[in-house]
Asker: 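Quick one: the structure is below, questions incoming.
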Amino acid sequence: KWDGSPNFVFEVSGRSDSDYAKDPERRRSVSGYSTFLCGAPVTMKSRMQGCVMLDVTSAELVSATQCAQDMMFTMRVLESMGLKVKKPMVLEIDNKGAVDLSHNWSVSGRTRHDSVRQSFLRELNEEGVIELYWIPTEANSSVLFTKNLSGPTFEKHTAVYCGEDEYMKDDRESV
């Protein structure tokens, strides 16, 4: 909790996910991501990607890049007010291929079309601005924005954004 001190260091983090080729007609993927400020959600987005991605990793890179841009915006707003932001900011992705590509300078024929997104994330990583980490899909709350979930999983991830309602919990237990 911020005490108003100019020496307080804010933590910005993000989580991203995509659902590959979700649209049955145009075969476009869905991006979902969220940005957190000191653990509290500040931005959330779910939208169809602007173009068709050729593989799952490419779709995840699109979503991760969009999330990184939101994280950068949040960081710049705070810094423009003279506040401090902890770096590197943490971006969590549930696709190991996307994380590996953001840490590696090699570009092969299969990923050449993604080289701009890879370079963007790689540069932020090398500059110490953003660090990308893999997390399991079950722990990624942004899956809420891209996939249909079972009741318990939906409630688990919804609590990240809405908190837990003690009154609803009592009603569910009595049923």
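If you read the sequence from its start, that first residue is 1, and numbering goes on from there.
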Asker: Can you name the residues that form a salt bridge (Lys or Arg N to Asp or Glu O under 4.0 Å) with Asp19, not counting sequence neighbours?
Answerer: Lys22

Asker: Going by heavy atoms in the side chains, are Tyr133 and Ser13 under 4.5 Å from each other?
Answerer: no

Asker: At what distance, to the nearest 0.5 angstrom, does CZ of Arg27 lie from CD of Gln49?
Answerer: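 Those atoms lie 13.0 Å apart.
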
Asker: Do Ser63 and Ser18 get their side chains close enough for a donor-acceptor pair, meaning under 3.5 Å?
Answerer: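 Looking only at side-chain atoms, Ser18 and Ser63 do not form any donor-acceptor pair under 3.5 Å.
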
Asker: Taking Lys84 first and then Glu11, would you say they form a salt bridge - that is, a charged N and a carboxylate O separated by under 4.0 Å?
Answerer: no

Asker: Should Glu92 and Asn140 count as side-chain neighbours, where that means a heavy-atom distance under 4.5 Å?
Answerer: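 Glu92 vs Asn140: side chains apart.
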
Asker: Is there a continuous path of hydrophobic side-chain contacts, each under 4.5 Å between heavy atoms, that joins Phe73 to Leu83?
Answerer: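 Phe73 clusters together with Leu83.
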
Asker: Same cluster or not: Leu91 versus Met89, using hydrophobic residues (I, L, V, M, F, W, Y) connected whenever any side-chain heavy atoms lie under 4.5 Å apart?
Answerer: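 In one cluster: yes.
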
Asker: Find out whether Asp94 and Glu138 are in side-chain contact, i.e. whether some heavy atom of one side chain is under 4.5 Å from a heavy atom of the other.
Answerer: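 No, their side chains stay 4.5 Å or more apart.
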
Asker: Test Glu131 against Asn125 for side-chain contact (heavy atoms from CB on, under 4.5 Å), laying out the working first.
Answerer: CA-CA 5 Å; Glu131 181 68 35; Asn125 187 27; 2.9 Å; yes

Asker: Taking the basic N atoms (NZ, or NE/NH1/NH2) and the acidic carboxylate oxygens, is any pair closer than 4.0 Å for Lys147 and Asp17?
Answerer: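 A salt bridge links Lys147 with Asp17.
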
Asker: Remaining members of Val160's ILVMFWY cluster at a side-chain heavy-atom cut-off under 4.5 Å?
Answerer: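 Answer for Val160: Phe36, Met44, Val143, Leu144, Phe145, Leu149, Phe154, Tyr161.
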
Asker: Is there a side-chain contact between Ile93 and Ile135 (heavy atoms, below 4.5 Å)?
Answerer: no

Asker: Are Val56 and Val30 linked, directly or through other ILVMFWY residues, by side chains that come within less than 4.5 angstrom of each other?
Answerer: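 Different clusters: Val56 never reaches Val30 through Ile, Leu, Val, Met, Phe, Trp or Tyr contacts under 4.5 Å.
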
